[in-house]
Structure formats: C-alpha cells, structure tokens
Amino acid sequence: MQDKYQPAAIELAAQQHWESTDAFRVTEDAGKPKYYCLSMFPYPSGKLHMGHVRNYTIGDVLARFHRMRGFNVLQPMGWDAFGMPAENAAIQNNVPPAKWTYANIEYMKAQLKRLGFAIDWSRELATCTPEYYRWEQWLFTRLFEKGLIYKRLGTVNWDPVDETVLANEQVIDGRGWRSGALVEKREIPMYYMKITAYADELLQALDHLPGWPEQVKLMQKNWIGRSEGVEVHFPYDLSTIGSSGVLKVFTTRADTLLGATYVAVAAEHPLAAQAAASNPELAAFVYECKHGGVAEAELATMEKKGMPTGLRVVHPLTGEYLAVWVANYVLMGYGEGAVMAVPAHDERDFAFALKYRLPIKMVVGSPRGAYENTVAPWVDAYAEQGRLVNSGKYDGLHFQDAVDAIAADLENKGLGEKRVQYRLRDWGISRQRYWGCPIPMIHCGDCGDVPVPDDQLPVVLPENVEITGRGSPLAKMAAFYDCSCPKCGKAAKRETDTMDTFVESSWYFLRYACADSAGAMVDPRVNYWAPVDQYIGGIEHAILHLLYSRFFTRAMRDCGLVQASEPFTNLLTQGMVVAETYYRDLDGGKKQWINPADVSIERDERGRIVAATHVADGQPVVIGGTEKMSKSKNNGVDPQALIDQYGADTARLFIIFASPPDQQLEWSDSGVEGASRFLRRVWNFGHAFTSEVRAALPAARTLPSGDLPAALAEVRREVHTHLKQASYDFGKHQFNTVVSAAMKILNALERAPRDDASAHAEVAEEGLSILLRLLSPITPHISHALWQDCGFGSDIVDVKWPEPVEAALVQDELELVLQVNGKLRG
RNA sequence: GCCCGGGUGGUGAAAUCGGUAGACACAUCGGACUUAAAAUCCGAAGCCGACAGGCGUGCGGGUUCGAGUCCCGCCCCGGGCACCA
C-alpha cells in the first residue's frame with residue numbers, strides 16, 4: 001500500500017479491475033428489483049464540460065448507491081450526435097460533420113471512462129448511426145400512416161442574403177448571425193407531430209408523477225395550457241368583405257362579449273391578405289409585420305402596432321358592425337389567428353384602444369364598486385370577474401352564469417359553442433438542415449407524399465458533402481433526392497429535410513434496454529427496464545425534451561412497442577455550473593473576457609476579494625459577476641485539468657459537496673483543494689489502520705454490545721448518528737450533506753482516544769468500514785483501494801450499504817429537539 | 001411580455017413538521033512543528049461596538065408565545081418561451 005495518496009495510480013487500478021470483471025454489465029434479472037438510472041446523454045461538442053461531469057457524477061452516485069441497496073442497476077450512456085454545431089464546425093474548419101462528431105465521441109468517451117462511472121458500455125449508442133435512426137424513420141412512417149404526423153405550412157426565420165432558414169438562436173436582434181441581414185418570416189411546408197392529440201393525457205398524467213419536482217410539473221401544466229372557453233363566430237359583413245363566412249375567435253371571457261368593440265387578426269390571416277390586396281398602405285404594414293424572427297419572446301416584447309383593414313364583421317349577439325384590425329401581437333399559430341378585443345377588461349386591448357382611439361365599453365361592474373368607468377391608467381381590477389352591466393338581458397349575471405347564458409344563445413344561433421383550447425401546439429419537426437435524420441418521405445407527382453417502405457429503410461444520410469451555410473446540401477444532391485415512387489414506380493423526389501434533433505432524444509432511453517436489437521426498434525426487454533426509475537439532467541430541459549419524451553413514449557405505446565406510458569418515474573433536475581467572469585474593456589465598447597484560470601485574486605485581511613489581476617501581465621482586470629460557464633464569457637473551467645491534477649475522486653467529491661444537486665454550483669479552486677485534503681486524510685487514516693491499529697484488534701469482538709470506555713462509546717455513537725443522517729440525506733438527494741456527515745465521521749474517528757488500544761481498534765475498524773461504504777458511491781476509487789488494503793474484501797461495488805446499529809445506542813438528536821420543543825410549547 | 005425557480009457570514013452552504021440561525025467546508029487571521037518552505041495539526045471568528053449592548057436569513061408589511069420557514073406587496077438574479085442542445 002502506498003504511503004501517500006496518489007489518485008492516478010489507484011484510480012487506474014480500480015477502473016481496470018472493474019473493466020476486467022465487467023462489473024457494470026447488466027442483464028434482465030427477475031430475481032432482483034430493477035433500477036434504471038439514466039443521465040441525459042451528451043451532445044458530442046468536443047470535450048466534457050463541468051455540467052456533464054456534474055450530471056454524470058450525480059447519476060453515478062445514485063446508481064452505485066442503489067446497487068449497494070440490492071438493486072439490479074442499469075446505467076447506460078450514448079451520444080445525442082445530430083445537431084447544428086457539427087455543421088458550424090464543418091463551415092469553420094472544413095471538417096465533415098460525421099468525422100468531427102465521431103472524433104469528439106471518441107475523446108469524450110475516454111474522459112467519461114477516466115471519471116470511473118459505473119456505465120454499461122455494451123449498450124452505447126450514437127443517434128447519427130443508421131442502426132439508430134433507421135428505427136426513427138420506421139416509426140415516422142407508422143405515425144404518418146396513423147395520422148399522428150401530417151404536413152402543413154409553418155413559419156420559419158428566413159435569411160434573405162444567405163437564402164437559408166435560421167434557428168432562433170441564429171437570429172440576433174432581428175438579423176441573421178452570419179449575414180447581418182434583416183430576418184423575415186417565411187411560410188414553408190413542414191411535417192408536424194400531433195402532440196395535441198395527447199394534450200389531455202399529458203396534462204392529467206402529471207397528477208400521477210409524485211417523483212417529479214412540483215416546479216417542473218407546474219411548468220408543463222402551464223405549457224400545455226388547458227383553457228375552457230367559447231368559440232365565437234363573427235359573420236362577415238358582405239358589403240365590405242364581399243363574401244359570406246365567419247371570423248372565428250376563441251375567448252375565455254365570453255362574459256365580456258358585449259364589450260367587444262373591434263376584432264384583430266394576425267398579419268398572415270386571409271382577411272389581412274384580402275384587404276392588403278387593394279390597400280398599399282396596409283400591404284406595407286403586413287410586410288413590416290413579416291420582419292423579425294418567430295421567437296415568442298421577441299413577439300411579446302415588441303411594440304404593439306396595428307392598422308384598420310376597412311373590413312367589418314357583425315357582432316353575433318347585437319348585430320352591430322365591428323371593425324377588423326390587423327395587429328402584430330396576434331399570432332397566426334395560436335388558436336384561429338384572430339381575437340375579439342374588449343378594451344375595458346383586457347390590458348393589451350386597453351392599451352391598443354387608447355393608442356388608436358378605439359371605443360371602450362365597460363360591461364363588468366366591480367363586485368366592490370371600486371370603479372365606475374374604465375379610464376387610464378389601466379388597473380388590474382378592470383380584468384376581474386364580476387356582475388355584468390350594459391349587457392341587456394345578461395345584466396346582473398356573474399361570470400360563470402353569464403358565460404353559460406351567452407354560450408347557449410350563441411349555440412342557438414349557430415354562431416358559437418363552448419370549447420376547450422390548449423396553448424400547446426403541434427410539434428413541427430422539419431428542419432432544412434443537413435446533419436440530422438432524413439425524413440423518410442417521397443414526393444410523387446401522381447401519388448403525392450408517400451412514406452418510404454420498410455424494405456427501403458434506412459434512408460441513409462450521405463456523409464461526403466460540402467457544407468456552405470447556404471441552404472441544405474441535400475437539396476443540391478441529385479444522387480440523394482432522385483428516386484422512384486414506391487407506389488407507381490415513376491420518377492419522384494425524395495424529401496430533403498431532416499428531423500428536429502429532439503426526435504432522437506425522445507426515445508433513446510427505450511433503445512438502451514435493447515441497443516443490440518437489429519430486427520426491431522425495441523424488443524420485449526424494454527418492458528423489463530422501462531420506465532426509467534431515475535432521470536437526471538439540466539433544468540433547462542424541464543419543458544421541451546421531457547414533454548416530447550412523454551409524448552413519444554405514449555405514441556410508441558399506442559403502436560404496441562412498449563407498455564409504459566410515462567418514461568421517467570423520478571426526475572432530478574440539476575442546477576447549472578457557474579463561475580466568476582473577468583474582463584477588460586476594449587476600444588469600441590467591446591469586452592475581452594479572461595478565463596478565471598488566468599486571473600489572480602487579491603484579498604483583504606478578512607478574506608474579501610478586493611482586486612483581480614491577469615497572471616500574464618500583472619495588470620488589473622474587472623470582476624464581472626458570476627455567470628453560467630460559457631464560451632462567450634470565457635469562464636469555463638476544463639474538467640480535464642482538474643482530473644489530471646487531482647484525480648477523478650476529488651473532482652467528483654468537490655462537485656457533490658459544493659452544492660445540493662438541484663441548485664446552481666459555483667466553481668471554486670479552493671473548494672477543490674479542500675476536497676483533495678479530505679481524501680488525503682481518509683487515505684492516511686486507512687493507512688494508519690492497516691499499519692498500526694489493526695494489530696491491536698482483539699480476537700473476540702465486543703462490538704456492538706461490549707462495554708467500551710465512555711469516550712469511545714461516544715465516538716461510536718457519533719459515527720452512527722452521522723451515518724443515520726447521511727442515509728436520510730441520500731433519500732432526499734442531499735448529497736452535499738452526505739459528504740458533511742462523512743467529514744464529521746472522520747473528524748470523530750481521528751479524535752478517538754487511543755489509550756485503550758484494542759477498544760480503539762474495534763471502533764476504528766467499524767468506523768472506517770462505514771466511512772468507506774458511505775463514500776463509495778461518491779469516491780469509488782479510493783473506497784475500493786482502501787477496502788482491499790484494509791482487508792475488508794476484494795471489491796466494494798457489491799458490498800451492502802451500512803445501516804446504523806443498536807438504536808438504543810444512537811441517541812436520536814431529532815427526538816431530543818422535539819422533546820425540548822414540547823416543553824417550550826407546554 | 002408570459003411561465004417557473006432562487007436570494008442566509010468574506011465564499012459554497014446547513015437548519016428534517018413554525019422552535020438555540022450559520023452544522024460541514026473554503027477563504028482569512030493567530031499558534032505549533034520546521035533552518036526555511038510545503039505538508040500536517042491546534043485555535044479564533046456573523047455584523048456594529050472599547051464594553052454594556054444592539055442588529056442580523058434581499059426590501060416593506062402581516063399572522064404567531066415564537067418566522068430563514070406561513071401570508072400580502074415589492075426589488076434583484078437565474079431558467080424556459082416551441083429551430084441551441
């Protein structure tokens with residue numbers, strides 16, 4: 001055994017041991033409870049970042065902990081390998097996306113192995129391989145045939161200079177990131193997944209997910225956004241519109257219908273187009289509305305503008321004429337692309353009516369009589385529910401009665417009905433990009449859109465292409481798109497769009513159960529492992545990825561592929577990793593961001609930071625505040641340097657100790673030093689035990705009932721109290737306080753009096769055994785090495801989790817506190 | 001703009017059901033050991049104040065014998081907003 005703690009050597013030895021015993025390979029075992037522990041798979045961006053290390057450390061701690069509790073644990077790993085960064089790298093470095101991606105996978109896999117994660121690598125998958133995406137294409141054709149995938153127009157960001165579609169991320173202040181051109185909205189045909197068909201089920205099932213954070217369930221609930229309301233039909237005014245028809249709007253406030261003074265439609269609405277045809281000024285406004293991106297945050301924060309169309313519709317109850325306006329805040333993609341405006345009781349309509357001097361008619365009296373007329377400035381009370389006024393026969397009715405009465409009258413007239421509406425929209429999956437899964441469709445002049453038959457799958461993505469950043473390369477490759485129609489055999493054109501990369505990540509967790517299955521998307525093994533027992537990943541995925549996965553699991557269930565409806569039983573959303581930023585001001589208002597590794601800190605006598613200087617030139621830099629680690633702020637700390645210098649166990653320990661898993665983690669060099677020091681102390685204690693203490697162990701053990709000297713009994717009591725706390729905290733996923741408990745145990749053991757050598761040896765042996773087991777999910781290498789060296793066993797991975805013994809011996813501090821509290825209350 | 005979180009010493013944090021705020025660490029200061037340094041060990045410390053004492057969980061109110069914890073109103077920071085992954 002080494003005298004000094006040398007992590008590199010013991011970590012390599014432990015990893016080789018686990019590799020040679022195939023320790024983490026699992027098969028279906030009906031004799032044990034299964035525990036499927038999954039961390040969100042990484043995008044192979046180049047090298048691991050601190051967020052990955054944190055994510056997979058948390059997952060590994062849970063996986064190893066449950067293995068010690070007797071579970072059959074599956075922890076797989078794979079690669080979310082399609083996406084835009086590969087194309088950007090291709091443009092910048094002239095490397096094909098496939099080559100770049102596979103090189104990154106190779107490098108990052110080695111990094112993961114170096115961290116000692118208990119992963120079953122036999123199940124590894126990469127979404128960019130035909131073996132994976134052929135099943136995605138196969139499912140696509142099934143869902144298309146079931147009507148769960150359909151085609152319609154969708155709105156995208158169009159860069160008119162590069163003549164390419166931009167992601168929202170690529171639109172900066174309304175301009176294309178490369179060309180700088182003003183971005184326009186453009187409508188193109190796209191495929192959509194009918195997630196709204198599952199809206200109600202996805203919403204209801206949230207109530208049966210006790211293992212999910214309330215916060216995430218609430219976000220999903222609001223995202224799905226079920227609202228009960230009334231669809232109101234405003235008949236067209238023949239004299240201005242020139243044809244018969246109705247303008248449909250949806251409202252949750254049908255009680256205010258008598259207060260509607262105008263209607264507003266989106267710029268893309270057919271009525272707007274009709275009016276613009278004979279009105280150049282309006283046409284210019286409609287064109288102006290096309291400028292800018294499609295992101296909701298952009299639309300919601302822009303200045304509200306509108307213009308009258310000169311068209312009118314008829315109020316369905318009063319018969320009055322209402323003007324039709326075009327407004328930039330009405331979204332074509334939500335509801336009917338038209339709203340009724342009730343300025344007296346809606347804040348946005350109120351502002352709009354004041355700006356354009358439109359009539360305001362109050363129809364709800366305050367239940368408290370707080371206001372008589374709606375006058376500027378807006379107060380929130382205007383939108384409160386109350387009794388109707390100025391509404392003829394409906395006067396005096398309260399909200400629900402008014403809605404019921406008005407809906408009934410509309411229905412009698414055939415001009416509306418009660419309806420449920422969701423905020424959730426169908427999922428547009430078409431991308432005009434190269435590095436993604438090809439959509440398996442063929443367009444035939446005679447037969448229309450025809451799915452690629454099973455025997456022609458997969459539609460393989462060609463890997464030898466030139467990426468220019470202008471349009472999709474597939475659309476320029478005749479060899480790819482020229483094909484014949486599977487139905488009639490005539491010349492046809494293959495779809496050149498690829499799928500949203502969220503599609504791949506919506507089912508990878510099911511494929512892990514049977515990653516070697518060559519004949520089917522999933523096989524019956526999936527029903528042993530699914531659902532995932534514990535899913536761990538960033539809070540930034542709280543809505544989209546998790547909702548799409550919940551939808552996909554149900555769609556696959558309804559295709560008879562899997563029994564589970566919910567993919568993830570328990571969810572742990574980890575916080576971000578943040579670090580201090582430093583910069584210098586450059587000419588022209590720009591900032592030069594300086595990596596924390598290149599900055600030296602000055603402190604005052606209390607330890608407060610007073611100044612920072614650049615290591616290279618000793619000149620001062622500005623302290624910019626704590627932000628998420630990112631390339632743009634150059635505040636990322638490379639985990640590789642940390643592993644090289646301190647070893648995997650220290651990296652894992654620091655990350656687990658610095659913050660509870662669901663909160664943000666602040667990077668700190670000195671915190672790493674502290675973690676490293678603690679492991680050295682653990683090593684030294686284990687070393688002293690093997691070389692000196694063990695010799696004093698009595699032949700016949702007296703623990704647990706033996707009468708120890710009082711001070712040693714106290715040490716033992718402390719160890720078990722902290723162990724109890726640690727076990728409790730494990731259940732709550734408060735791993736940072738588990739580490740605190742381990743530190744307290746070591747403190748107690750180090751201070752144990754040694755005057756009674758054999759009694760001390762017994763307490764030390766028990767304490768060390770507990771400490772190593774308690775730490776082994778977090779720092780498996782050092783625990784494994786000491787476990788062997790101290791003669792406890794040959795491998796720690798299957799050793800049982802320690803249980804605190806002799807309840808009577810362990811004075812429960814909580815009980816004590818409650819007793820004291822009781823006295824105070826009494 | 002909308003939805004969801006968070007805010008406790010110089011720093012990361014702890015406080016389990018409303019009951020001793022700051023456990024455990026980092027940083028700092030002091031000491032031991034050392035020719036010296038590193039490493040290690042011991043000790044001090046929320047803030048203001050010489051002391052007495054006072055003030056302290058983002059700010060302002062409230063409930064309670066008692067509030068970091070519950071309620072109301074603000075401020076600031078972060079995540080998401082459907083084509084970043």
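Order of the sequence lines fixes the chain letters, A, B, ..., with proteins taken first and strands second; residue numbering starts at 1 for each chain. All figures in this text were calculated on a predicted structure; none of them were measured in a lab. Reckoned from all heavy atoms, side chains included, excluding hydrogens, waters and symmetry mates.
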A/Lys194 with A/Asp426: basic N within carboxylate O range, under 4.0 Å: no
Integer angstrom distance from the P of B/G10 to that of B/U20: 22 Å
Pairing of A/Arg754 and A/Glu692 as salt bridge, 4.0 angstrom limit: yes
Bracket notation of RNA chain B in which parentheses pair within the strand, [ ] cross earlier pairs, and | pairs with another strand (Watson-Crick or G-U, under 3.5 Å): (((((((..(((......[....))).(((((.......))))).(((....)))..(((((..]....))))))))))))....
Salt-bridge present (A/Glu718, A/Lys744; N to O < 4.0 Å): no
Per A/Thr737 side chain, nearest of listed nucleotides B/A14, B/A25, B/C4: B/A14
Anti versus syn assignment for B/G73, with syn defined as within 90° of 0: anti
A/Glu169 side-chain proximity, nearest of B/C84, B/G79, B/C24: B/C84
Between B/G46 and B/C24 - P atom distance, rounded Å: 13 Å
Side-chain N,O (A/Arg681) to OP1/OP2 (B/U40) below 4.0 Å: no
Ring centroid separation A/Phe82 to A/Tyr43 under 6.0 Å: no
Options B/G12, B/G79, B/A23, nucleotide nearest the side-chain atoms of A/Met219: B/G79
Sugar-phosphate only, base, or nothing, as touched by A/Val156 at under 4.0 Å among non-hydrogen atoms: base
Protein-nucleotide distance (A/Phe41, atom CZ; B/A85, atom P), rounded to Å: 12 Å
Sugar-phosphate, base or nothing in reach of A/Met576, heavy atoms under 4.0 Å: sugar-phosphate
Touch class at under 4.0 angstrom, heavy-atom based, for A/Ala742 against every strand present: nothing
is_close_aromatic(A/Phe41, A/Tyr508), centroid dist under 6.0 Å: yes
Sugar-phosphate only, base, or nothing, as touched by A/Phe657 at under 4.0 Å among non-hydrogen atoms: base
Sugar-phosphate only, base, or nothing, as touched by A/Gln215 at under 4.0 Å among non-hydrogen atoms: sugar-phosphate
Touch class at under 4.0 angstrom, heavy-atom based, for A/Leu547 against every strand present: nothing
Salt-bridge criterion met for A/Glu303 and A/Lys355 (N-O under 4.0 Å): yes
CD-CG distance between A/Glu184 and A/Leu166, expressed to the nearest 0.5 angstrom: 11.0 Å
Nearest-Å distance for atom pair NZ/C1', residues A/Lys305 and B/G1: 17 Å
Rounded interatomic separation in angstrom, taking CD from A/Gln220 and C1' from B/G79: 15 Å
Closest listed nucleotide, where the reference is the side chain of A/Arg680 and the choices are B/A14, B/U40, B/G79: B/U40
A/Tyr192, A/Tyr198, A/Phe502, A/Tyr548 screened by ring pair (Phe, Tyr, Trp, His ring centres under 6.0 Å) with A/Trp427, the one that passes: A/Tyr548
Nearest-angstrom distance, C1' atom, B/G19 to B/C72: 24 Å
Touch class at under 4.0 angstrom, heavy-atom based, for A/Tyr329 against every strand present: nothing
Proximal nucleotide (of B/G12, B/C81, B/A14) relative to the A/Trp223 side chain: B/C81
Anti/syn call for B/C4, syn if |chi| within 90°: anti
Under-4.0 Å side-chain N/O to phosphate OP1/OP2 contact, A/Asn747 with B/A23: no
Separation of B/C84 P from A/Tyr548 OH (nearest whole Å): 10 Å
Distance test, side-chain N/O of A/Asn736 to OP1/OP2 of B/A14, below 4.0 Å: yes
A/Ser740 side-chain N/O to B/A25 phosphate OP1/OP2 under 4.0 Å: no
Between B/U8 and B/C55 - C1' atom distance, rounded Å: 15 Å
Between B/C4 and B/G12 - C1' atom distance, rounded Å: 24 Å
Minimum-distance nucleotide to A/Leu218 side chain [options: B/A82, B/G5, B/A85]: B/G5
Aromatic centroids of A/Phe685 and A/His687 separated by under 6.0 Å: no
Among B/C81, B/G12, B/U40, the nucleotide that comes nearest once only the side chain of A/Glu296 is considered: B/C81
Side chain of A/Thr301 (C-beta onward), nearest among B/G1, B/A82, B/U16: B/G1
Touch class at under 4.0 angstrom, heavy-atom based, for A/Glu673 against every strand present: nothing
P atoms of B/G9 and B/U69, separation to the nearest Å: 14 Å
Rounded distance (Å) that lies between atom P of B/A25 and atom CG of A/Leu775: 13 Å
Proximity of A/Trp507 and A/Tyr132 rings by center, below 6.0 Å: yes
Phosphate OP1/OP2 of B/C26 contacted by A/Arg677 side-chain N/O (<4.0 Å): yes
Please tabulate, for side-chain N and O atoms in residues 656-665 of chain A, each donor-acceptor pair with protein atoms closer than 3.5 Å (sequence neighbours left out).
| from | atom 1 | to | atom 2 | distance (Å) |
| --- | --- | --- | --- | --- |
| A/Ser659 | OG | A/Gln664 | O | 2.9 |

Phosphate OP1/OP2 of B/A82 contacted by A/Asn168 side-chain N/O (<4.0 Å): yes
Among B/G12, B/C42, B/A15, the one nearest A/Lys732 by side-chain distance: B/A15
Gap in Å between the two P atoms, one belonging to B/A27 and one to B/U35, rounded: 26 Å
RNA chain B: 5'-proximal contact among A/Ala297 and A/Glu750 (nearest heavy atom): A/Glu750
Sugar-phosphate only, base, or nothing, as touched by A/Gln432 at under 4.0 Å among non-hydrogen atoms: base
Integer angstrom distance from the P of B/A38 to that of B/C33: 16 Å
Touch class at under 4.0 angstrom, heavy-atom based, for A/Val165 against every strand present: base
Sugar-phosphate, base or nothing in reach of A/Met190, heavy atoms under 4.0 Å: base
Touch class at under 4.0 angstrom, heavy-atom based, for A/His545 against every strand present: nothing
Closest-nucleotide 5' rank along RNA chain B - winner of A/Gly671 and A/Leu544: A/Gly671
Phosphate contact (B/G6 OP1 or OP2) by A/Gln663 side-chain N/O below 4.0 Å: no
Sugar-phosphate, base or nothing in reach of A/Pro42, heavy atoms under 4.0 Å: nothing
From B/C4, B/A15, B/C24, nucleotide with atom closest to A/Asn222 side chain: B/C4
Heavy atoms from other residues, nucleotides or ligands near CZ of A/Arg681 exceed 12 (cutoff 6.0 Å): yes
Sugar-phosphate only, base, or nothing, as touched by A/Ser505 at under 4.0 Å among non-hydrogen atoms: nothing
